[in-house]
Amino acid sequence: MTVESPTTVLLIDDEEIVRRTIAAYLDAAGLTVLEADNGRAGLDLFRQTHPDLVLLDLRMPEMHGLEVLDVLTKESPETPCIVISGAGVAKDVVEAINRGAWDFVLKPIVDMVVFRHTIDKVLERARLLRERQRQQRLLEHKVTERTVQLQAANEALAREVSVRRQAEEALRTSKARWRSLVEHAPGFIATVDRAGTIQYVNRVLPGVNQEAVIGQAIYRFVDPAHHGHVRTAIEQAFDSGLTSKVEAPIANVPGEPIWFETLVGPVRIQDETTAAMLISTDITERRIVEQNLRALSARNQALLHAIPDIVMEVDARKVYTWANPAGLAFFGDAVIGKEATDYFEGEQPTYELVQPLFNGAEDVIYVESWQRRQDGEKRLLAWWCRVLKDADGSVTGAISTARDITEARQTQEELAHYRADLENLVEERTKELRAAQEDLLRKERLATLGQLIGTVAHEIRNPLGTVRTSVFSIDERARGKGLDIERALDRAERNIVRCDAIIEELLDYARLKQATRVPTPLDSWLESVLHEYPVPDGIQLTLALTANATVPLDRERFRRAVLNVLTNAHQAIQQASQPQGRITVETETVANRVRVAIADNGLGIPPDVRDKIFEPLYSTKTFGVGLGLSIVKRTIEQHEGTIELDSTPGRGTTVTFWLPLPQDEVV
């Protein structure tokens, strides 16, 4: 049915995009739209403009939609009001209908044709009610007028006959018009007496004879469970003149029940209630939607309550708004209304990690966070978080499930600790095995080298003695005869001496066996050894002997070790071409050990050579076989000591012997 123009619609909704969308559609349909963004402003605009229809959102700031509806129903019950509600607030919709709303639509509005049909239906219903009231007032007015005319017509009855006929014709026309309007109204309209007997009905259900319905009790067509509600509404219409609303299904209908919403009000003639009028609208579809919503809500609630994990909901401010039983058991009943950070333990980046959700991201975000349980214990929770949005896609909050992983994390850390300990043990054992293997290989090489040295020294020394004797004989016979071979013979003699020294060094290395140690006053003995050492020119030897200890020494072997290091020191100084060479020999007692240090300011040892310096047959010199420092190291080890080497290229080298003190010498 087409709505008469112009029609004014007052739209009260706090969501601007919803207002704009609905207003644009209604403007295009030829309706005049007034807008208000909250309930209080909507009431002010309603009182100023008196619109034909009110579209009212339920959830708004300043003033709730139900409060606005109460005021509208009280101030202007004849003005139709359609509530607009989100899909998750079926309870509010039912409450709104009970408080006087004429119909409802759900957001988001998907089908504008259905929406327009709802508006047209409500406007038509309002128009019919206004027309009925107008006709009633008109009828009452005409009856009153006719009464006055009849009283005045006592003296001129004949003259007034035509006037009476005209009034009767007008009355018949008015009744016909009223009947036409009622019979074409979209719902069922009936009048009943106080007993509920049907006096008039504009239409009946398909297959039911209208004449057969007249005179029947209205309760015959109402489900017996709702007879009391209908009877109370009829009695209120007669006794108090009140209009009531009743929802009830039709009786004896096969299949699914058909529900009607019925407005029951008085029919008054000359201030007397002569009947009750019932205006019924089919709400079966709405009831089905409400039942489905309730079933879905109950199923979701059951599912959330059955989940053993924690389930928590926060709003856009990250304030807890809902929790399942597991969540309440963990955080306590007081968690609702608290900000999530109130339960954080320590500084943690949880908010930064989940912020994409509150920016609109729809991915599931996993975070781990330390939380305070209601008994005060610190627990580690694993969270899976998902954004919540309204019908317009705006972020309203987030819902998260959580699981306590404290014990699992502790187990992981313990396993990691055990694994690290095991790896360390394996590494240490591997090092020990590798060191033992290297020591075994070294000993095998040294044993083989000792056998080889003994053989080579013996085989070379005998021919070398013969060569030395021959050179001596040649020198005796040729000296003073002008043959000019003296220099050649001197070179031969020097090289024979050098070869003999090499052989002696080889034999010394091969003959190293268990040391024979005797108690020796280290400082005085070492001073006597150093006084016998021929210090080369240009080198200053400084002694700082402060050990004041007696240690067991194989004096000959230890003497040769000291002299070997001194020789290396003065050779390093000569190679560095130092203008003033310095060699310092120090001794001191440190706890249960004696330190003997020989330092020089010579050439120093490069880092790549330092690790090889004590290996047998390794040498950086152009002469010798490289056994000197190897013999020194073996000698110190035979004295149960250790040797250290500290060298800086260009600045010098310090060789340190560490010897253990006898028990009676330990301070």
Side-chain angles (χ1 to χ4, degrees), residues 53-56 58 64-85 89-106 118-119 121-130 132-133 182 185-194 196 198 201-203 218-219 221-251 257-268 273 275-291 293-294:
L53 172 65
V54 176
L55 299 178
L56 174 62
L58 290 183
H64 195 277
L66 292 177
E67 296 176 280
V68 177
L69 180 60
D70 289 340
V71 176
L72 293 177
T73 303
K74 181 179 179 181
E75 293 184 3
S76 182
E78 71 279 4
T79 302
C81 179
I82 299 175
V83 298
I84 304 175
S85 173
V89 287
K91 181 179 179 181
D92 289 347
V93 172
V94 173
E95 181 66 17
I97 296 298
N98 290 334
R99 292 193 184 186
W102 289 43
D103 210 332
F104 76 98
V105 293
L106 296 178
T118 302
I119 293 176
K121 181 176 66 174
V122 170
L123 289 174
E124 178 64 14
R125 177 178 158 193
R127 188 183 68 79
L128 289 174
L129 290 176
R130 290 194 301 272
R132 181 178 67 82
Q133 293 172 357
V182 170
F188 290 89
I189 300 177
T191 59
V192 299
D193 60 15
R194 179 182 286 272
I198 299 175
V201 63
N202 68 334
R203 64 165 59 91
I218 190 68
Y219 306 108
F221 305 99
V222 179
D223 186 277
H226 297 268
H227 285 180
H229 303 305
V230 177
R231 184 175 291 107
T232 299
I234 292 174
E235 291 176 353
Q236 287 181 345
F238 276 94
D239 296 338
S240 306
L242 298 177
T243 299
S244 305
K245 184 187 300 180
V246 178
E247 291 186 7
I250 296 177
I258 300 175
W259 282 77
F260 278 86
E261 176 188 87
T262 303
L263 291 176
V264 182
V267 177
R268 300 179 62 82
T273 301
M277 178 175 287
L278 286 71
I279 303 175
S280 301
T281 305
D282 190 340
I283 60 170
T284 305
E285 183 177 351
R286 192 189 81 193
R287 294 279 301 192
I288 293 173
V289 171
E290 292 174 354
Q291 291 175 359
L293 287 174
R294 286 193 293 269

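This chain uses plain numbering: 1 for the first residue, then up along the sequence.
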Shortest non-hydrogen contact from [X] toward [Y]:
| X | Y | answer |
| --- | --- | --- |
| Ala96 | Val83 | CB-CG1, 3.7 Å |
| Ala233 | Val246 | CB-CG2, 3.8 Å |
| Pro266 | Ala237 | CB-O, 3.4 Å |

Check the pair Arg194, Asp239 against salt bridge (charged side-chain N to carboxylate O under 4.0 Å, His left out), reporting the backbone distance first and the verdict last.
CA-CA 10 Å; Arg194 179 182 286 272; Asp239 296 338; 2.9 Å; yes
Tell me, which pairs form a side-chain hydrogen bond (donor to acceptor under 3.5 Å, both in side chains) where one or both residues lie in residues 72-81, sequence neighbours left out?
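Qualifying pairs: Arg47-Glu75, Ser76-Glu78, Ser76-Thr79.
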Cation-pi geometry met for Arg286 and Phe104 (6.0 Å, 45°)
no
Residues that Arg268 engages under side-chain hydrogen bond (donor to acceptor under 3.5 Å, both in side chains), provided they are two or more places apart
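With sequence neighbours excluded, Arg268 shows a side-chain hydrogen bond (donor to acceptor under 3.5 Å, both in side chains) to Thr273, given in chain and number order.
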Look at the side chain of Glu235 and the backbone N and O of Thr232, then say whether any donor-acceptor pair between them is shorter than 3.5 Å.
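Flag not set: sc Glu235 to bb Thr232 has no pair under 3.5 Å.
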Stepwise side-chain contact (heavy atoms from CB on, under 4.5 Å) test for Phe260 and Thr281
CA-CA 5 Å; Phe260 278 86; Thr281 305; 5.6 Å; no
Residues in ring pair (Phe, Tyr, Trp, His ring centres under 6.0 Å) with His226, at least two apart?
His229, Trp259
Kindly indicate whether the side chain of [X], heavy atoms from C-beta on, has any atom under 4.5 Å from the side chain of [Y].
| X | Y | value |
| --- | --- | --- |
| Glu290 | Val94 | yes |
| Phe188 | Ile279 | no |
| Leu53 | Val122 | yes |
| Ile189 | Val201 | no |
| Leu55 | Cys81 | no |
| Val192 | Ile234 | yes |

Does Val289 form a side-chain contact (heavy atoms from CB on, under 4.5 Å) with Leu106? I'd like the steps, not just the answer.
CA-CA 10 Å; Val289 171; Leu106 296 178; 4.2 Å; yes
Atom pair [atom1] ([X]) and [atom2] ([Y]), whose distance is rounded to the nearest 0.5 Å:
| X | Y | atom1 | atom2 | result |
| --- | --- | --- | --- | --- |
| Arg231 | Gln236 | CZ | CD | 13.5 Å |
| Ser280 | Ile218 | OG | CD1 | 7.0 Å |
| Leu58 | Glu67 | CG | CD | 11.5 Å |
| Ile258 | Ile250 | CD1 | CD1 | 5.0 Å |
| Glu261 | Asp103 | CD | CG | 7.5 Å |
| Glu95 | Leu66 | CD | CG | 6.0 Å |

Knowing that exactly one of Ile198, Leu263, Thr191, Thr262 qualifies, which makes a side chain to side chain contact (heavy atoms under 4.5 Å, CB included) with Leu278?
Thr262
In terms of side-chain geometry, is the basic nitrogen of Arg127 or Glu124 positioned less than 4.0 Å from the acidic oxygen of its partner?
yes
Kindly determine whether Ile82 and Thr118 satisfy side-chain contact (heavy atoms from CB on, under 4.5 Å), including the steps that lead there.
CA-CA 9 Å; Ile82 299 175; Thr118 302; 4.0 Å; yes
